[in-house]
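Notes follow the structure.
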Amino acid sequence: MAPTYNIAMVSDFFFPQPGGVESHIYQLSTKLRDRGHKVIIITHAYKGRTGVRYLTNGLKVYHVPFFVLYRSASFPTVFSFFPIFRNIVLRERIDIVHGHASLSSLCHEAILHARTMGLRTVYTDHSLFGFADAASIFANKILKFSLSDVDHVICVSHTCKENTVLRASLDPLMVSVIPNAVVAENFKPLDYAAEVSAGSFRGHPPPARPLGPHDMITIVVISRLFYNKGTDLLTAAIPRILENHPQTRFIIAGDGPKAIDLEQMIEQNVLQDRVEMLGPIRHEEVRDVMVRGHIYLHPSLTEAFGTVIVEAASCGLYVVCTQVGGIPEVLPSHMTVFAKPEEDDLVAATGKAIAALRGNKVRTELFHEQVKSMYSWTNVAMRTERVYNGISGAISEAEFYGYDAANVAGSWSATRGRSGVQSFALIDRLKRYYGCGIWAGKLFCLCVIVDYLIFLALELLFPRDKIDICPDWPRKERKVDGEGCRVKAGRQQGDNERRAMDSLDGHWDP
Amino acid sequence: MLTTAPHLYIRRPSPTTAEFTVTTCPPLTVPLRLLLLTLHLARILLFSAAVLALYARFLEPSQHSHQHHHHHNNNPIISLFLAGNIPQFLTTLLQTAHRSQPGTLLAQLTAPLPDWAVALASLGVAYATVCFRLHRTESVLVLRGLGIQTCTISGKWGWGTQTRFIPTEQIRDVLINEAFRGFEVRYYLIVVVEGEEDVVVLFPGLLPRRRIVEAVWRGVRGCLFEGDGGGGEGDGKG
């Protein structure tokens, strides 16, 4: 029986705010719970969303009223989260702290404090950053500070891994790549459900839907209209594509500062009847917009993973995208046409895609099944679980990092203990931070020492035995082998825990 | 030693009534009683000293009239009290105390201090000794068919008490919730009251720990809604 963990996901980004990181955390947590782990989520308070909440599947979310602490202005932000974080960690008996997103200060703080408290930490990076401008340099320094003493890092694509390794000067061996996934059931092509569930194909692939020579081809673009999403490229390319291909039209969904440029372009070229602007749409509506089209155009200039193109392929759309960031890793070549991030190439690539569709050379109706088999959150959870096993020593160093790496242990594992996991000793931690830079290294060491002193003070002021332990939500039973797991909730053996659970559940046994 | 962490007493005068008291008072043993007695004596002493200091500084008549009074005042203090002449009795009592050895000592001690310091210190000590509560106690009385009466600590320094009655018809549910409070997350009991925006927190001053909160929760529901099978109408999640 593999060990189960109590995991705290920490990020500034979580529901009710919509977004990719948010749904990643939610899906991963849900699947980890299905595998028998206990998962809680710590995020900051949103408007009207403060305190401790349970989502409908029993996932517990702490919306920390963070900005209340900010008010005591002299208190440096780096440490203000520590007391409440320690309280949550102790009452939930957390073993592993998993932070998400590099722009989340809550996540970096949590990783620092968790290491001070002697917990294992994992960090997931969802984005790519530059190296050149001042903001990036500062962000990278913060990342370096935070990741000096992390146990393991997960990136969503190999490009993202390369980027993170360079930005934070990490050992590539301690960075794993675990891609995002999509819930394929939510992104079915049009008519898919009716046909397949009726069993009309009996396991055979659905028939091709040939396009006639004069059928309208619809190109869908769903993206926030920002500079980095390549909206300028789109604005330049649309008139040329529509000019070259008479039987085509565009549907554009999303909002942002560049929307005004698109509207100007439409008016200048009088394309009102061929370009439809839908404005901002909710995530649930994405599928309904996607199935109206044949081609998905993704002109982004930088992208760590690009979940949206997986969603588009899952909906049975042929994908035209720029070859940037992690995008080339995401989909197999028969689903995509790549373009360089420039106007001429994008127009040419779109032309190629239209020609391929007109020639009926692409079986887009098969995409859904293929995507479904490639991307699943259950698989993501399994791989994340392996990372947890690796850092907590449940699987050997050799198995986790590879046999070659273990053999040359002396050379690269200077910062690691003999057990293959990072040592918690303060002096070892300080050594790791000291290497961050001439001045930064000393500053970071100071921060770590202060953090440790705060930790000691907290142990005195709020002793551990004064903190109530939370009863666990009934854990799901876990299948020993295979991917799936029983959904039926396991019955707790401990009478205490059962009773405590009842109290949370609002049931009362006379 | 004099106080403990909040703990629970349950009193059940009848099958349909239950009183849950959370108090910081430890069980009363003989040594503890003696200790408390000395503490009360000390309080009385402190209070008298404060009043005497005030009297000596601000109300004491001049030396001359003081002598005059002394001659005049031969009848014993008790007889004044028995005669019901309370103001006269108090004045005489204070005079006697002031002239006594501890009284003179106190006057000598406070002599170098300015007027305002004496006034502030004495008034403060007097107020503190009168209002001081060593043990803090909060209770919930549950009467089936009638409702819940809560008795809670109130006031600025928790020196007063406040009672509130919630009739059964207005009680929608009793449940346990978690919330951030200061630097920690606490469990607490709440009553959801019909027609009120805010819930009523039980034991708001002491906020006992989870074990007690759960025991009271069970007890209150058992006493209040017994017979409805411990209904699942509350989801307890808040």
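Both backbone and side-chain heavy atoms feed into the values below; hydrogens, waters and symmetry mates do not. Labels below follow one simple rule: chain letters A, B, ... track the order of the sequence lines, proteins then strands, and each chain is numbered from 1. On a predicted model such as this, the values are computed, not experimentally measured, just so you know.
Applying the side-chain contact (heavy atoms from CB on, under 4.5 Å) test between B/V185 and each of A/I467, A/L90, A/N87, A/D468 identifies A/N87 as the sole match.
The residue among A/F462, A/F82, A/Y62 with the most heavy atom pairs within less than 4.5 Å of chain B is A/Y62.
Annotation: side-chain hydrogen bond (donor to acceptor under 3.5 Å, both in side chains) contacts of B/T137 (sequence neighbours excluded): B/T23. Residues forming a salt bridge (charged side-chain N to carboxylate O under 4.0 Å, His left out) with B/R181 (at least two apart in sequence, or on another chain): none.
Counting non-hydrogen atoms of other residues, nucleotides and ligands closer than 6.0 Å to CZ of B/R211 gives a total of 12 or fewer. Heavy-atom neighbours of B/Q101 CD from other residues, nucleotides or ligands within 6.0 Å: at or below the threshold of 12. Within 6.0 Å of CZ on A/F15 lie more than 12 heavy atoms contributed by other residues, nucleotides or ligands.
For A/F85, no part sits under 4.5 Å from any heavy atom of chain B, backbone or side chain.
Contact annotation: the side chain of A/P471 approaches that of B/R210 to within less than 4.5 Å [non-hydrogen atoms, C-beta and beyond].
The pair B/E178-A/R53 does not meet the salt-bridge criterion, since no charged nitrogen lies less than 4.0 angstrom from a carboxylate oxygen.
Cation-pi contact between A/R91 and B/Y187: present, with separation from the ring centre below 6.0 Å and deviation from the ring axis of at most 45°.
The two residues B/F180 and A/I84 make their nearest non-hydrogen contact at CD2-CD1, 3.3 Å.
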